[in-house]
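Here is the structure we will look at, set down as structure tokens.
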Amino acid sequence: MQQYFTEQAENYEEAYRKVREKYGDTATILLRKTVLIRGGFLGLFPREGVEVSGPIPLRASTYKTAGGYTIPREISYPKETSYSKETSYSKETSYPKETVLPKEASYPKETSYPKDTLDFETRKANVLAAAGQKDPTIAMIFNEVKTIKEKIENQAERGGHPSLDRLDEILCQSDFPSAYRTKILDRVKKEFPLDSLNDFDAVQEKALEWIGESISIFREDKYQRRPRIMILVGPTGVGKTTTIAKLAANFGIDSSGRKIREIVLVTIDTFRIGARQQLEAYGKILQSPCYAVDEYSELKRTIAIHSDEADMILIDTVGKSPRDPEKLGQMKKLLNAAGELPGTAEVHLAVSAATKSSDLEDILQQFEPFNYKSVIITKMDETARIGNIIGVLAEKGKSVSYITNGQKVPADIRKASVIDFLINLEGFKVNRNKLEERFPEPSSEQFRKWS
């Protein structure tokens, strides 16, 4: 009766070598297939390999057992005498030169059984078949491994660790953009060892510190030329006029109400009903002159008149939609008058803290032609979620100069600080003393010495 051999190896070349060593050069491989071969600890981690089979050559009546098979004595080749030194198998040559298969008979591994076609159940069936029987113990082990695999995959989809999931939830609570959250979570994964992730307080404390590092605070020049010219631009309804009044009061009078600086108020908003009257009312209270202009030449002349005695000129502008580039261009042309006269004009962009991320990105982009030096965040009291502001400003590399949190003049405004942002984030445990050491607040003094 004809008998057949079956050999398994990691690749076809190794299987071919085994057949030649055991059964001689006349052995013919009739069948080749991709199988899972046992490996790793207790054989629990099978890997993909090749199985070949074919008839054992019959050339004598005397047989002996080798490798579990009955084969002719005449074709058993001791390993040490099978091949000469010249035809031995080295790492560089897979076959002896005289037995290299023709090109057309090669079987590229990648075209026979693609890895993608072997799902878990198929791999399981292959290993059970290779074991020679449907061993219930092996089946049970496979089911346990499958359960572990599914848990790992589910964990990976959620972030890989409960602390990461919890941190992501807190970041979502504060409306941080998706890209910003990903950066924070990736940094946690990179810098925290796996066992350290179990200490969530340490994780969220470090994440809060990284958020603080991403917040840029505008630093004023220590010495300013007189007059200092500040221009506020921004969309309609963000509170530019009220912010102008708060700045004028803080720069112009001391805590007792005594006038300490000469402040000039200018508005180019001659279209909105009551805009001029509102600023003029503030001017009377602060004993500061107030002007309404709507032409380039008027603004240039007004600034020139007060360039000698004024310490600061604050310019209020018309609220413009960021989607109206033509009107923004007209306003930019008018405001050019401020930059062509003595004094360095500073443009600050006012935006509401309640602005959603996508709209904020549009606003920052559309007002770029004004070359604004920083952003003033208004209406901080009208939202409990400011992650959108932090995330977008960090992405765009913009600094914050002032924060307003109410309608009171001059009380509800302060210089921006990292602490003001961090203590307003939801869900975080805030160790204020530690954060203040890490991010010291700026001086409460609004003025700097001017030359």
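No donor-acceptor pair under 3.5 Å is formed between the side chain of Arg432 and the backbone N or O of Ile419. With hydrogens and angles ignored, the 3.5 Å screen pairs a side-chain donor or acceptor of Gln204 with a backbone N or O of Lys429. The backbone N or O of Ile211 sits less than 3.5 Å from a side-chain atom of Ser214, completing a donor-acceptor pair. Within the 3.5 Å criterion, the main-chain N or O of Lys246 finds a donor-acceptor partner in the side chain of Asn250. Of the possible polar contacts, one joining the Ser163 side chain to the Leu197 backbone as a donor-acceptor pair under 3.5 Å is found. Side-chain N or O atoms of Thr355 include one that pairs as donor or acceptor with a backbone N or O of Ser352 at under 3.5 Å.
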Working for salt bridge (charged side-chain N to carboxylate O under 4.0 Å, His left out), residues Glu205 and Lys434: CA-CA 10 Å; Glu205 183 177 286; Lys434 190 171 182 178; 2.6 Å; yes

From CA spacing to verdict: side-chain hydrogen bond (donor to acceptor under 3.5 Å, both in side chains), Asp420, Ser417: CA-CA 5 Å; Asp420 282 325; Ser417 71; 3.0 Å; yes

side-chain contact (heavy atoms from CB on, under 4.5 Å) assessment of Phe218 paired with Val375: CA-CA 8 Å; Phe218 176 71; Val375 177; over 6 Å; no

Chi angles and distances behind the side-chain contact (heavy atoms from CB on, under 4.5 Å) call for Ile376, Val351: CA-CA 6 Å; Ile376 297 176; Val351 296; over 6 Å; no

Test log, rule side-chain contact (heavy atoms from CB on, under 4.5 Å), inputs Ile231 and Val233: CA-CA 7 Å; Ile231 304 171; Val233 298; 4.2 Å; yes

Derivation of the side-chain contact (heavy atoms from CB on, under 4.5 Å) call for Ile315 and Met230: CA-CA 6 Å; Ile315 302 177; Met230 289 185 65; over 6 Å; no

Stepwise side-chain hydrogen bond (donor to acceptor under 3.5 Å, both in side chains) test for Gln173 and Glu426: CA-CA 7 Å; Gln173 274 185 317; Glu426 288 196 340; 4.9 Å; no

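Remark: Arg258 pairs with Asp254 by the side-chain hydrogen bond (donor to acceptor under 3.5 Å, both in side chains) rule, at least two apart or across chains. With sequence neighbours left out, Phe176 forms a ring-ring contact (aromatic ring centres under 6.0 Å, His included) with Tyr180. With sequence neighbours excluded, no residue forms a side-chain hydrogen bond (donor to acceptor under 3.5 Å, both in side chains) with Arg166. Here Ser374 pairs with His348, Ser401 under the side-chain hydrogen bond (donor to acceptor under 3.5 Å, both in side chains) rule; sequence neighbours left out.
The closest side-chain heavy-atom distance from Leu299 to Val266 is below 4.5 Å. Residues Thr317 and Lys240 meet the side-chain proximity criterion, which asks for heavy atoms closer than 4.5 Å. Two residues are said to be in side-chain contact when any heavy atoms from C-beta on lie closer than 4.5 Å; Thr242 and Val409 meet this criterion. Side chains of Phe421 and Val400 form a contact here, defined as non-hydrogen atoms less than 4.5 Å apart. In this structure the side chain of Lys373 never reaches within 4.5 angstrom of the side chain of Val347, judged on heavy atoms. Side-chain contact between Val203 and Leu167: present, with at least one pair of heavy atoms (C-beta onward) separated by less than 4.5 Å. Asn336 places none of its side-chain heavy atoms less than 4.5 Å from the side chain of Leu334. Counting heavy atoms from C-beta outward, Pro227 and Asp311 have side chains that stay 4.5 Å or more apart.
When all heavy atoms are compared, the tightest approach of Leu422 to Ile215 is CD2-CD1, 4.3 Å. Heavy atoms only, all atoms of each residue included: Gly427 and Ile170 are closest at O-CD1, 3.5 Å. The shortest heavy-atom contact between Ile389 and Ala353 is CG1-O, 3.7 Å. The two residues Pro235 and Ile363 have their closest heavy-atom pair at CG-CD1, 3.6 Å. In this structure, Tyr402 and Glu220 approach most closely via the heavy-atom pair OH-OE2, 2.7 Å. The heavy-atom pair separating Leu232 from Thr243 by the smallest distance is CD2-CG2, 3.7 Å.
Legend: salt bridge (Lys or Arg N to Asp or Glu O under 4.0 Å) pairs involving residues 393-412, not counting sequence neighbours, sorted by first then second residue: Glu368-Lys398. Among residues at least two apart or in separate chains, there is no salt bridge (Lys or Arg N to Asp or Glu O under 4.0 Å) pair with a member in residues 376-385.
With rounding to the nearest 0.5 angstrom, the OG1 atom of Thr378 is 10.5 Å from the CG atom of Asn405. The CD1 atom of Ile313 lies 7.0 Å from the OG atom of Ser307; values are rounded to the nearest 0.5 Å. Note: Ile229 CD1 to Glu346 CD = 9.5 Å, rounded to the nearest 0.5 Å. Here CD1 of Ile244 is found 11.5 Å from OH of Tyr282. Values are rounded to the nearest 0.5 Å. Rounded to the nearest 0.5 Å, atoms OG1 (Thr302) and CD1 (Ile268) are 12.0 Å apart. The CD atom of Glu280 lies 12.5 Å from the OG atom of Ser288; values are rounded to the nearest 0.5 Å.
Separation of the Phe192 and His161 ring centroids does not fall under the 6.0 Å cut-off.
Between Lys206 and Glu209 there is a salt bridge, since a side-chain N of the basic residue sits under 4.0 Å from a carboxylate O of the acidic one. Ion pairing of Glu213 with Arg187 is present here, as a side-chain N (NZ or NE/NH1/NH2) and a carboxylate O approach within less than 4.0 Å. Ionic pairing of Arg32 and Glu51 is not present here: no N-O contact between side-chain nitrogen and carboxylate oxygen is shorter than 4.0 angstrom. The pair Glu295-Lys300 does not meet the salt-bridge criterion, since no charged nitrogen lies less than 4.0 angstrom from a carboxylate oxygen. A salt bridge is absent between Glu7 and Arg17; no separation between the charged side-chain nitrogens and carboxylate oxygens falls under 4.0 Å.
Among the candidates Leu208, Val430, Asp175, the single residue satisfying the side chain to side chain contact (heavy atoms under 4.5 Å, CB included) test with Leu425 is Leu208. Applying side chain to side chain donor-acceptor pair (under 3.5 Å) to Tyr291 and the options Arg301, His306, Glu298 leaves one that passes, His306.
Heavy atoms of other residues, nucleotides or ligands lying less than 6.0 angstrom from NZ of Lys356 number 12 at most.
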